Amino acid sequence: MASYKAPLREIHFVLDDVLNVGSLAQMPAFAEVTPELIGGLVDEAAKLIENQIAPLNAPGDAQGCKFDNGEVKVPDGFADAYKLYWQSGWVGLCNDTEFGGQGLPYTLSKVVDELLCSANVAFALYPGLTVGCFEAILANGSDEQKKTYLPKLGTGEWTGTMCMTEPQAGSDLAAVKTKATPNGDGSYSLEGGKIFITSGQHTMAENIIHFVLARLPDSPPGVKGLSTFVVPKFLVNADGSIGARNPVNCVAIEHKMGIHGSCTTSLQFDNAKGWMVGAPNTGIQNMFVMMNLARILVGMQGLGLCELATQNAIAYAKDRKQGKAFNGGATIIDHPDVRRMLLTMKATVEGARVLAYETGMYVDISHHHPDPAVREEAQDWVELNTPLVKAFCTDSAVDLGSLAVQVYGGHGFIREHGVEQIMRDAKILCLYEGTNGIQAMDLVRRKLMLHGGRVPKRFFAKVRAESTADTPVGFIAKPLREALEDLEKTAAWLQESFKSNPDDAGFGAVDFLRAFSLVYLGFNWLRMAKAATNHADAGFRESKLNTAQFFASRMLPQVHALCANVRTPASALMQLSAEVF
Ligand SMILES: Cc1cc2nc3c(=O)[nH]c(=O)nc-3n(C[C@H](O)[C@H](O)[C@H](O)COP(=O)(O)OP(=O)(O)OC[C@H]3O[C@@H](n4cnc5c(N)ncnc54)[C@H](O)[C@@H]3O)c2cc1C
């Protein structure tokens with residue numbers, strides 16, 4: 001079984017020494033949120049998660065969810081753990097205090113998400129989508145809807161879903177068919193089928209609130225004709241008590257490659273009663289409130305699995321004796337190839353943690369800073385970073401899960417060690433909330449072009465400014481500047497070629513996203529190396545500086561090959577007919 005210990009020293013280093021999380025307290029909304037308060041809460045969350053939730057990970061995977069006569073049974077222990085989790089305040093950590101939340105920084109909730117996803121990523125989906133559903137109703141719901149649903153969604157007492165996908169409508173939501181017909185009393189009757197709906201049916205909470213994408217009878221075709229509706233599993237009486245069962249039923253659950261403890265349901269809406277959230281035909285914009293935050297959350301799932309894979313691989317490599325190494329050592333950590341794998345894992349997860357937490361801080365600043373210009377700049381960063389966090393952290397979870405199995409050798413392939421579960425759990429992260437291919441297109445087609453290219457320009461300028469002084473971290477500053485130059489050149493090439501041949505952009509998008517992410521990680525490693533240079537703990541300092549060295553010499557240069565790929569026109573490849581493929 002994989003074991004999990006929260007990497008508290010790493011987390012505190014990133015929050016305090018690299019990102020200065022204490023700066024959030026300069027905003028009136030968080031005036032009382034000191035670094036000590038944040039640190040204390042992270043430590044508390046770690047205790048609960050390590051002791052109560054991590055032990056359910058392997059048994060939950062083995063047992064899975066069961067569907068019986070319209071009801072879904074989650075794995076043993078999940079219901080009690082969920083109750084403990086929401087009642088301890090962790091679901092509502094950053095939710096609005098007016099609706100049962102604690103009003104703490106979003107950044108803190110992302111740190112807790114990382115811990116929870118390392119411990120048990122399948123379990124983490126229950127609170128995760130609940131917070132997304134809360135945010136979507138908060139942003140566009142009427143006062144009545146907020147009063148009815150948010151107090152219990154805000155604490156996690158009720159759970160939430162996001163209902164978009166249908167058999168013919170996956171990445172392309174324009175094809176959504178579920179119909180919403182007005183009843184004449186302000187409510188709507190929803191009819192249609194949704195597939196792959198996470199947490200769509202269970203009995204861990206007394207109510208489930210579905211946030212549904214559907215089409216009005218007279219709406220225009222395509223995405224412009226979609227609206228959003230809130231559809232509760234149980235109708236809610238005027239006094240807030242639970243009313244009649246609404247006809248939204250689970251007709252099946254999926255049998256999946258991983259995340260077995262999370263129920264993935266097919267839901268049938270048989271004239272289920274719902275209420276429109278926001279204006280007619282603004283469904284896609286309303287859904288994006290939830291989707292943007294959910295994309296960052298999925299990135300945290302990836303980060304959590306990267307950490308789990310890395311810490312288990314390191315522990316195993318320190319223990320497993322096999323062969324004699326050139327340096328005379330007898331454990332596999334002494335073999336250069338094993339060290340290569342472990343350093344790749346360390347460099348990736350520690351660098352990605354800075355990207356993910358920094359994105360959390362930008363979300364906080366974009367919502368709460370008193371100066372509109374600062375809020376606008378922070379929002380630019382959130383826009384740019386979201387596809388990077390989602391795609392890079394989740395692709396890395398698959399890569400690092402695979403490396404962990406490799407470090408374990410044949411033992412990694414055997415269930416009892418638990419690292420094969422990481423590989424299986426990780427793959428879905430690259431697929432839902434917009435596949436990673438779609439994330440890459442978002443970066444290339446939208447984010448590079450947004451506000452006349454202002455967004456990437458900000459990033460390039462910031463990295464350049466940080467990497468100008470060579471000492472004492474010249475070993476990474478110089479290759480970072482070179483990689484940045486190549487990335488900028490490639491971004492300019494894409495911005496131009498997109499106008500004349502969009503297939504080039506489509507072909508290069510995934511490589512570009514990885515190149516962009518590696519430059520971002522280079523920027524992070526530069527900042528970590530600077531912060532670690534005078535660290536009091538010599539072992540920690542040595543580990544950080546050596547991993548920075550590895551990243552600079554082994555991972556950052558990959559940017560040049562990726563950029564060369566991107567700049568190779570794809571027109572000839574697109575001319576190949578599908579029949580002869
Ligand atoms: C376990 C699980 C849980 C899920 N949870 C939810 C949930 O809670 N709510 C919900 O609504 N949905 C959920 N989904 C659905 C998920 O979001 C979709 O599966 C995903 O959006 C991809 O859609 P698809 O499977 O139809 O793939 P397709 O859209 O058919 O994509 C297939 C391939 O084509 C590529 N592709 C498609 N269109 C383009 C394009 N325009 N440009 C470039 N490449 C393209 C994709 O990147 C992918 O590689 C879940 C799915 C699973 C498996």
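Order of appearance sets the numbers: ligands from 1, and atoms from 1 within every ligand. Note that this is a predicted model, so its numbers are computed, not measured.
Put simply, atom 12 (N) of ligand 1 has protein non-hydrogen atoms near it, under 4.0 Å away. Protein heavy atoms are found less than 4.0 angstrom from atom 50 (C) of ligand 1. Inside a 4.0 Å radius of atom 32 (C) of ligand 1 there is not any protein heavy atom.
In terms of N/O distances under 3.5 Å, ligand 1 is not approached by Y432. The distance criterion of under 3.5 Å between nitrogen or oxygen atoms is not met by G434 with respect to ligand 1. Of the polar atoms of F196, at least one N or O is found under 3.5 Å from an N or O of ligand 1, judged by distance alone. Checked by distance only, ligand 1 and I428 stay at 3.5 Å or farther apart across all their nitrogen or oxygen atoms. Polar contact check, D172 against ligand 1: no nitrogen or oxygen pair lies under 3.5 Å apart.
Across all non-hydrogen atoms, the minimal contact from V289 to A136 is CG1-CA, 4.1 Å. Nearest approach of H451 to D380, heavy atoms of both residues: CD2-OD1, 3.6 Å. Residues T130 and G160 come closest through the heavy atom pair OG1-N, 3.2 Å.
Contact annotation: for T165 versus ligand 1, heavy atoms closer than 4.0 Å belong to both the backbone and the side chain. Only the side chain of K256 comes within 4.0 Å of ligand 1, judged by heavy-atom distances. With a heavy-atom cut-off of 4.0 Å, T161 does not touch ligand 1 at all.
For atom 48 (C) of ligand 1, the closest heavy atom belonging to the protein is T435 CG2, 4.0 Å. Nearest protein neighbour of atom 40 (C) of ligand 1, counting heavy atoms only, is I438 CD1, 3.7 Å. Protein heavy atom nearest atom 27 (O) of ligand 1, with residue, atom name and distance: S171 OG, 4.2 Å. Distance from atom 24 (P) of ligand 1 to its nearest protein heavy atom, with residue and atom name: G170 CA, 4.0 Å. Here the heavy atom of the protein found nearest to atom 9 (N) of ligand 1 is M162 O, 2.7 Å. Nearest protein heavy-atom neighbour of atom 8 (O) of ligand 1: T198 N, 3.0 Å. For atom 20 (C) of ligand 1, the closest non-hydrogen atom of the protein is L431 O, 3.6 Å.
The ligand atoms of ligand 1 that sit less than 4.0 angstrom from a heavy atom of E433 are 17 (O). If you number the atoms of ligand 1 from 1 as listed, the ones under 4.0 Å from a heavy atom of T264 come out as 1 (C), 2 (C), 3 (C).
Ligand 1 lies nowhere less than 4.0 angstrom from a heavy atom belonging to E254.
Shown here are the ring pair (Phe, Tyr, Trp, His ring centres under 6.0 Å) partners of Y362, two or more places apart in sequence or in another chain: W381.
With salt bridges taken as basic N to acidic carboxylate O contacts below 4.0 Å, one links K110 and D113. The pair K177-E166 fails the salt-bridge criterion, with no side-chain N (NZ, NE, NH1 or NH2) lying under 4.0 Å from an Asp/Glu carboxylate O. With respect to the salt-bridge test (charged N to carboxylate O, under 4.0 angstrom), the residues D442 and K390 do not qualify.
Donor-acceptor pairing under 3.5 Å is lacking for the side chains of Y85 and Q52. For the residue pair T394 / N436, a side-chain donor-acceptor distance below 3.5 Å is found, with atom types taken as modelled. Side-chain contact annotation: D504 with S497, donor-acceptor N/O pair under 3.5 Å absent.
Taking the six-membered ring for Trp and the full ring otherwise, Y520 and F459 have centroids separated by under 6.0 Å. Aromatic ring centroids of F78 and H202 lie 6.0 Å or more apart.
Separating the CG atom in L216 from the CG atom in N281 is a distance of 6.0 Å, to the nearest 0.5 Å.
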